[in-house]
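Just so it is clear: chains get the letters A, B, ... in the order the sequence lines come, proteins before strands, and each one is counted from 1.
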Protein chains: 2
Amino acid sequence: MPTQSDVAARAGVSTATVSRVVNNTGIFSADVRERVLSAIQDLNYVPDASARALALQRSGTLGAIIPTLNNAIFAEGINAFEKAAQALGYTLILSVSQQDPEREHDLIIKMIERGVDGLLLVGNLHKQAALERLEQAGVRHVCTWAFDEQSRSANVGFDNRESMYGVVDHLVDLGHRHIAMMAGIAQDNDRAKDRIAGVRERLENKGLSLPASSVVEVEYSVADSRKAFQHIIKPDTTALICGNDVIAYGALLEAQSIGLAVPEHLSITGFDDLSLSSQLSPALTTVQVGAEVMGETAAKKLITAVENEEPVGSTQLHTRLIVRETTGTARQ
Amino acid sequence: MPTQSDVAARAGVSTATVSRVVNNTGIFSADVRERVLSAIQDLNYVPDASARALALQRSGTLGAIIPTLNNAIFAEGINAFEKAAQALGYTLILSVSQQDPEREHDLIIKMIERGVDGLLLVGNLHKQAALERLEQAGVRHVCTWAFDEQSRSANVGFDNRESMYGVVDHLVDLGHRHIAMMAGIAQDNDRAKDRIAGVRERLENKGLSLPASSVVEVEYSVADSRKAFQHIIKPDTTALICGNDVIAYGALLEAQSIGLAVPEHLSITGFDDLSLSSQLSPALTTVQVGAEVMGETAAKKLITAVENEEPVGSTQLHTRLIVRETTGTARQ
DNA sequence: CTGAAAGCGCTAACAA
DNA sequence: TTGTTAGCGCTTTCAG
């Protein structure tokens with residue numbers, strides 16, 4: 001691998017000059033510029049990012065630690081995050097925590113080692129120790145998929161509790177009084193917890209309730225959702241709120257397979273608005289979250305903050321209830 | 001940020017010694033070891049990966065460049081790739097090419113800049129110039145999702161042509177003679193091309209054919225697939241082969257919505273075996289590809305090759321036809 | 001078993 | 001406008 005000094009020798013200039021034309025910084029004559037550029041071409045010179053990072057104390061990378069990639073909505077968010085980062089000249093370093101807080105902690109340390117300029121995290125539930133390390137290392141981070149005024153971290157996301165108000169309102173307006181919920185696994189997952197809390201809170205505000213016996217937590221899997229379905233639906237249940245679209249697919253498919261009419265007998269709602277949701281029949285009533293905007297916003301804010309040497313701020317995003325065909329008036 | 005010499009000062013040793021205990025290399029007394037370790041703890045010392053990479057000429061990272069993350073099967077493969085890399089102490093650098101060969105070329109150069117120890121690419125269609133740069137830089141790479149004996153790159157994947165033989169055989173055995181295909185967009189995509197070629201080749205071997213008028217290329221989208229469906233199904237078509245599961249979902253949903261019985265009137269097959277496919281009704285007949293094994297194998301092979309300073313070899317994986325409910329005997 | 005010192009490839013003053 | 005030089009933080013001979 002040719003280095004900067006190989007280029008310098010070939011172009012008959014100093015390494016400092018090579019650096020200047022490569023980074024288009026400072027002033028140099030057109031002649032020198034040409035010679036350096038053609039030397040670079042001739043040698044297939046590629047600058048060494050490690051050496052550059054060491055000298056600059058900036059890596060030009062953004063990190064992201066997510067629970068899993070096997071969840072379309074995270075994949076979509078990261079896709080947008082990477083796209084925005086790439087457009088601004090940054091490279092993505094991605095790690096998967098497998099929903100494990102300890103592992104996440106270790107990965108955060110690794111990100112500090114790697115010298116990422118900014119870090120995307122999911123949710124607001126993180127080990128305090130890890131957050132302190134980030135602060136100590138001066139690595140900016142944003143927590144996505146959540147929005148909490150109280151959070152000590154910058155948030156780029158929506159309030160998961162509030163995002164459920166709209167679905168509860170919608171259902172109650174349709175006359176539903178016996179509502180059950182199939183939520184995501186809430187352990188170590190503030191988004192799932194908040195969605196349950198939001199449903200419960202809103203129902204109670206309306207004089208209704210969500211007893212523990214009316215909520216099950218299920219894996220992000222259509223098969224698991226189908227299995228759980230029978231246990232949660234009681235004779236008087238007229239509506240089922242699902243913590244995400246995949247769980248809703250399972251509920252819908254299972255309802256159909258046991259001959260339970262949707263929405264005539266049972267209304268079902270999802271969360272995420274995956275692209276398939278509008279195509280099913282009946283089409284799924286769900287909550288749109290804007291994963292793409294979230295990922296893009298997170299990247300841009302992180303980069304702006306780094307380059308201007310200012311702290312990252314939060315931005316609240318909002319979800320939107322998309323009423324389609326899986327919800328209807330409650331049967332009597 | 002504390003550096004190695006801060007730790008050295010605090011522990012009353014040289015930086016060389018700190019390096020030795022951090023990397024657990026060479027020999028040192030238990031006493032020194034203790035002192036260094038507690039100095040590291042006290043200071044929250046984190047080694048600098050850039051400096052380390054510069055000195056070692058090894059980064060401890062693996063790169064991956066994929067067409068998109070908005071495709072469940074790539075997301076699954078990368079998830080496995082990252083998991084295996086993480087388990088072996090490597091960090092993932094991920095970039096998305098958006099199916100653009102030029103962009104992929106630039107991203108490959110960026111990966112060289114980053115000093116990745118190994119690189120995962122998708123398919124066998126890459127700019128020659130980029131491949132040469134990889135070679136010149138001594139960066140090992142594997143091409144996944146494809147297997148071609150002729151390829152000059154190491155392959156970890158399956159033969160897309162051959163993988164279609166099984167579905168053609170299955171359909172022909174069921175009596176189908178008029179078969180159409182909804183393929184993925186073939187431009188700059190050897191996997192999509194090869195799947196079309198495989199279907200055509202096998203049909204011709206059996207005295208049948210796949211005229212150009214019987215194949216459409218559609219985006220990876222249920223909505224687009226639904227739109228294309230009507231144009232490709234002719235009155236005598238009894239079976240439809242889809243280039244991936246998402247396209248098949250669109251075909252299935254559209255068939256159902258226009259009252260076309262599956263598989264009685266039309267048989268449909270997919271490709272990928274996404275987890276939803278077994279849950280639909282009728283459940284989708286499809287081709288299982290083992291994305292997880294592929295990602296894991298790619299990471300392990302790359303790392304083994306790097307650490308043993310040997311070239312990476314290819315490994316051929318095999319797909320498996322999963323017969324479910326969307327295929328049946330051809331109507332007369 | 002441990003320390004001193006050179007060097008990985010690049011950038012940033014400071015001179016010229 | 002350009003070159004010289006001193007690091008950035010780490011590893012690795014080579015001495016001791």
Going by heavy atoms in the side chains, are Leu125(B) and Arg191(B) under 4.5 Å from each other?
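Of all side-chain heavy-atom pairs linking Arg191(B) with Leu125(B), none is under 4.5 Å.
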
Close side-chain approach of Ser19(B) to Asn23(B), heavy-atom, < 4.5 Å:
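In contact.
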
For Leu56(A) and dG7(D), what is the distance between atoms CG and P respectively, to the nearest whole Å?
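That distance rounds to 17 Å.
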
Rounding to a whole Å, what distance do you find between Arg20(B):CZ and dT11(D):P?
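Checked: the CZ to P distance equals 11 Å.
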
Answer yes or no: does a side-chain N or O of Gln57(B) lie under 4.0 Å from OP1 or OP2 of dT11(D)?
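No, no such contact exists.
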
Indicate whether OP1 or OP2 belonging to dT2(D) is found under 4.0 Å from a side-chain N or O atom of Ser29(A).
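So the side chain of Ser29(A) is within the cut-off, an N or O lying under 4.0 Å from OP1 or OP2 of dT2(D).
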
Extract, from 5' to 3' on DNA chain C, the first and final nucleotides lying under 4.0 angstrom from some heavy atom of chain B.
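Boundary nucleotides touching chain B, in 5' to 3' order, are dC1(C) to dG9(C).
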
Kindly state which residues belonging to residues 107-116 of chain A come within less than 4.0 angstrom of DNA chain D, counting heavy atoms of the residue only, listed by number.
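Per residue number, the list is empty: none.
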
Gln4(B) near the nucleic acid: base, sugar-phosphate alone, or nothing, with a heavy-atom cut-off under 4.0 Å?
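The residue Gln4(B) makes base contact.
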
Taking any heavy-atom pair under 4.0 Å as a contact, classify Val18(B): base, sugar-phosphate, or nothing.
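No contact.
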
Degree of bending, the helix from dC1(C)-dG16(D) to dA16(C)-dT1(D) (end axes from five pairs; round to 10°):
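Here the local axes at opposite ends form an angle of 40°.
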
On DNA chain C, check which nucleotide each of Arg35(B) and Leu54(B) is closest to and give me the residue with the more 5' one.
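Per heavy-atom nearest nucleotide, the more 5' residue is Arg35(B).
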
